[in-house]
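Below is one structure, written out as structure tokens, with a few remarks after it.
Keep in mind it's a predicted model, so treat the numbers as computed, not measured. Residue numbers start from 1 in every chain, and the chains themselves are labelled A, B, ... in the order their sequence lines are given, proteins ahead of strands.
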Number of protein chains: 2
Amino acid sequence: MKPETAFGLALKTARSSKGFTQEQLALNSNLDRTFISMLERGQRQPSLTSILSISESLNIPAYELIRQTMEIMDKNNKS
Amino acid sequence: MKPETAFGLALKTARSSKGFTQEQLALNSNLDRTFISMLERGQRQPSLTSILSISESLNIPAYELIRQTMEIMDKNNKS
DNA sequence: GTGTAGACTAAGGTCGACA
DNA sequence: ATGTCGACCTTAGTCTACA
């Protein structure tokens, strides 16, 4: 499982659990709505600054989002 | 303080404390030596996959590297 | 409210060379 | 062993539009 895929899942899970729409998240983090969409579907990967602004918008520490991403990767273990 | 700058400091600190050279880290993480150099000096920012492969090479969980990056940002607090 | 597509600009990342 | 420079190619991220 690719990192992008895992991050996408972690992002979608976090966002939905906070009750945000992709649109709201995009606005709040100064990113494009279509980009958030692609991130969640694992078709793009974020840069450090995107990770930071997204997690700030979600009121989640960035390292937590990364940690969850890693957990998802470990679960679907193909190394 | 920019995220790139904080990450660069966190990276350099982690790498030196592990006793690796930039060259060794670059080789081990499949990145270019010059790029590692620019990262440490805060002139470039990494993508998610770079963060993951770098921290794996350093035997540090990626979320730890991010956490330390955030700590450095908070210390030099300009929001 | 979300996925996708195409076209675009900016930045990620490589490579060879020299101090 | 590291910084930098120039040229290069790839991908992050934007924007408009339509289902």
Given side-chain hydrogen bond (donor to acceptor under 3.5 Å, both in side chains), test T34(B) with S37(B) step by step and report yes or no. CA-CA 5 Å; T34(B) 64; S37(B) 174; over 6 Å; no
Between [atom2] of [N] and [atom1] of [X], the distance in whole Å:
X      : N       : atom1 : atom2 : value
N30(A) : dT14(D) : CG    : P     : 9 Å
D32(B) : dA17(C) : CG    : C1'   : 13 Å
I36(B) : dG13(C) : CD1   : C1'   : 10 Å
L48(A) : dA12(D) : CG    : C1'   : 13 Å
M38(B) : dG13(C) : CE    : P     : 12 Å
L39(A) : dT11(D) : CG    : P     : 15 Å
Q45(A) : dA12(D) : CD    : P     : 5 Å
L52(A) : dA12(D) : CG    : P     : 16 Å

Touch check for [X], heavy atoms < 4.0 angstrom, all strands: base, sugar-phosphate only, or nothing?
X      : result
T34(B) : base
Q24(A) : nothing
S37(A) : base
E4(A)  : nothing

For residues E56(B) and S29(B), determine if any side-chain heavy atom of one lies less than 4.5 Å from a side-chain heavy atom of the other.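 When only atoms from C-beta onward are counted, S29(B) and E56(B) do not touch, as no gap falls below 4.5 Å.
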Side-chain heavy-atom pair R15(A), I54(A) within 4.5 angstrom cut-off: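 Side-chain contact under 4.5 Å: no.
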Relative to the 5' end of DNA chain D, which residue comes earlier, K12(B) or S47(B), by the nucleotide with the nearest heavy atom?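 Result of the comparison: K12(B).
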Establish whether the base of dG1(C) is bridged to the side chain of R33(A) by a donor-acceptor pair shorter than 3.5 Å.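 Check fails, no donor-acceptor contact within cut-off.
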Taking atom types as they are modelled, is there a donor-acceptor pair under 3.5 Å from the base of dG13(C) to the side chain of R44(B)?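 It does, because a donor-acceptor pair links the side chain of R44(B) to the base of dG13(C) below 3.5 Å.
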Among dT4(D), dG13(D), dG1(C), which nucleotide has an atom closest to any side-chain atom of E23(A)?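 That would be dG1(C).
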As a test of reading the structure: which of dT2(D), dT4(D), dG13(D) is closest to the side chain of T49(A), going by heavy atoms?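 Among dT2(D), dT4(D), dG13(D), the one nearest the side chain of T49(A) is dG13(D).
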Mind checking the CG-CG spacing from L58(B) to N28(B)? Nearest 0.5 Å is all I need.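 CG of N28(B) is found 8.5 Å from CG of L58(B).
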Can you check whether E23(B)'s main-chain N or O pairs, donor with acceptor, with R33(B)'s side chain at less than 3.5 Å?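 Judged by distance alone, no pair lies under 3.5 Å.
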Phosphate-side-chain proximity, Q43(B) and dG12(C), N/O vs OP1/OP2 below 4.0 Å: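 No, outside the criterion.
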